[in-house]
Amino acid sequence: MSRSLVALGALFIAGESLLSAPAVADSLSLAPMLQRVVPSVVSISVQGRELDDADATLADPFYRKFFGLPDDAAPAEHGFQSAGSGVVIDEVHGYIVTNQHVIASASKIEVALSDGRRFKAKLVGADPETDVAVVQIPPDHLVQADFGSASSLHVGDVVVAIGNPFGLGQTATMGIVSALGRRAVGSEGYEGFIQTDASTNPGNSGGALVSEDGVVVGINSAIIGPAGGSIGIGFAVPAETVGIVIEAAHPDRQACTWRGRTGHAGPDAGSRKGVRRR
């Protein structure tokens, strides 16, 4: 075979590869899935007041008495603002799941939807042990997420983290499941976290960790990294644990309407998970 024919054949094969590349790229794109899921992920902004670390002991009457301080020696407080994320779990009642640490000490909670609408939110319940909380906004044309089962996950599965890092607005990052059943640094004894290398940063807390098919398998909760930045070690609360807390936090203890899990919270569900209802 002549060199010219070989060259023509190589060009033909290369041309076919180039022509088929967009089709392959389209099949690998997560855009269709994200278009479905993103409207169910919200940004949360919080305002409140908290004790200065140096004066926190003054809140304890024992220490005031020990140091001979008057009973009305109030410790210093300062205002704070913070941002996080959340996921709509019940579009009928306006329930949103987030992290407990996102709304801790909050006097004002505001939720921003992906379409730009903003609502004041109220705290429904929280569980510090698992770092899960539920807030509520008016159920005005909300889109709720589909929750799946983290028990079906395997190390190496592709996952996507969706949230509001650094207050920038909704952002999606992709990674894999790095480990299962982890205990996150700083967690209060809970050892069931999903570990992922999908990039999560301050502000991602409370956002969704979803599978390739758009099902929420966890709620992003914590990271390990210098100065709070991402180095590919993040932790998410599994969907099953979130479901238990949601049901326990439900004020009427009725069956939840969120997709992916049904059931009735038993009479001791709240006390078993340490859920504080408001």
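A pairwise comparison of heavy atoms in Ser85 and Gly163 identifies OG-CA, 3.4 Å as the closest pair. Across all non-hydrogen atoms, the minimal contact from Pro139 to Gly94 is CB-N, 3.8 Å. The two residues Ala198 and Gly175 make their nearest non-hydrogen contact at CB-N, 3.7 Å. The nearest pair of heavy atoms linking Val155 to Ala179 is CG2-CA, 4.0 Å. Ala208 and Val41 get closest at one heavy-atom pair: CB-CG2, 4.0 Å. Scanning all heavy atoms of the two residues, the minimum distance from Gln144 to Ser40 falls at C-CB, 3.8 Å.
Put simply, the side chain of His154 gets close to the backbone of Ser152: a donor and an acceptor are under 3.5 Å apart. Side-chain atoms of Asn99 never come within 3.5 Å of backbone atoms of His101 as a donor-acceptor pair (strictly under, hydrogens ignored). In terms of modelled atom types and a separation under 3.5 Å, the side chain of Glu240 and the main chain of Ser151 share a donor-acceptor contact.
Two residues are said to be in side-chain contact when any heavy atoms from C-beta on lie closer than 4.5 Å; Arg182 and Phe235 meet this criterion. Counting heavy atoms from C-beta outward, Leu142 and Ile137 have side chains that approach closer than 4.5 Å. Considering only heavy atoms from C-beta on, Asn204 stays 4.5 Å or farther from Asn164 through its side chain. Residues His93 and Gln136 have side chains in contact (heavy-atom distance under 4.5 Å, counting atoms from C-beta outward). Residues Val42 and Val88 are in side-chain contact: their nearest non-hydrogen atoms beyond the backbone lie under 4.5 Å apart. In this structure the side chain of Thr98 never reaches within 4.5 angstrom of the side chain of Ser205, judged on heavy atoms. Residues Leu34 and Val160 form a side-chain contact, since some pair of their non-hydrogen atoms from C-beta on lies under 4.5 Å apart. Side-chain contact between Arg117 and Val111 is absent, with no heavy atoms from C-beta onward closer than 4.5 Å.
Ile162 and Ile194 are members of different hydrophobic clusters when ILVMFWY side chains are connected at heavy-atom separations under 4.5 Å. No continuous path of hydrophobic side-chain contacts links Val216 to Val177 [ILVMFWY only; heavy atoms under 4.5 Å]. Linking Ile, Leu, Val, Met, Phe, Trp and Tyr residues whenever their side-chain heavy atoms come within less than 4.5 Å leaves Leu180 and Val132 in two separate clusters. By the rule that hydrophobic residues join a cluster once side-chain heavy atoms approach within less than 4.5 Å of another member, Ile246 and Val87 end up as members of one cluster. Cluster membership check: Leu209 does not share its hydrophobic cluster with Ile176, using side-chain heavy-atom separations under 4.5 Å among Ile, Leu, Val, Met, Phe, Trp and Tyr.
Here the CD1 atom belonging to Ile233 is positioned 12.0 Å from the OG atom belonging to Ser199, to the nearest 0.5 angstrom. Of the inter-residue distances, the one linking Glu129 atom CD with Thr241 atom OG1 reads 9.5 Å to the nearest 0.5 angstrom. The line from CD1 of Ile103 to CG of Leu123 is 4.5 Å long, rounded to the nearest 0.5 Å. Rounded to the nearest 0.5 Å, atoms CD (Gln35) and OG (Ser29) are 8.0 Å apart. Put simply, CG on Leu113 and CD1 on Ile96 are 7.0 Å apart, with the number rounded to the nearest 0.5 Å.
Electrostatic pairing of Lys120 and Glu110 does not count as a salt bridge here, judged by no charged N lying under 4.0 Å from a carboxylate O. No salt bridge links Arg36 with Asp146; every basic N to acidic carboxylate O contact stays at or beyond 4.0 Å.
A donor and an acceptor atom, one from each side chain of Asp131 and Ser221, are located under 3.5 Å apart.
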(request) Would you please test Phe147 and Val215 for side-chain contact (heavy atoms from CB on, under 4.5 Å) and show each step? (result) CA-CA 5 Å; Phe147 274 69; Val215 173; 5.6 Å; no
(message) Checking Val210 against Met33 for the side-chain contact (heavy atoms from CB on, under 4.5 Å) test, could you report, in this order, the C-alpha distance in whole Å, the side-chain angles of both residues, the deciding distance, and whether it holds?
(response) CA-CA 10 Å; Val210 303; Met33 178 273 284; 4.1 Å; yes
(message) Using the rule given for side chain to side chain donor-acceptor pair (under 3.5 Å), can you reason through Ser45 versus Gln81, listing the C-alpha separation, both sets of side-chain angles and the distance that settles it, and then say yes or no?
(response) CA-CA 7 Å; Ser45 57; Gln81 295 182 345; over 6 Å; no
(request) Test Leu30 against Met174 for side-chain contact (heavy atoms from CB on, under 4.5 Å), laying out the working first. (result) CA-CA 9 Å; Leu30 296 174; Met174 185 177 71; 3.5 Å; yes
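Each side chain to side chain donor-acceptor pair (under 3.5 Å) pair with one or both residues in residues 165-176, not counting sequence neighbours, would appear here, but there are none.
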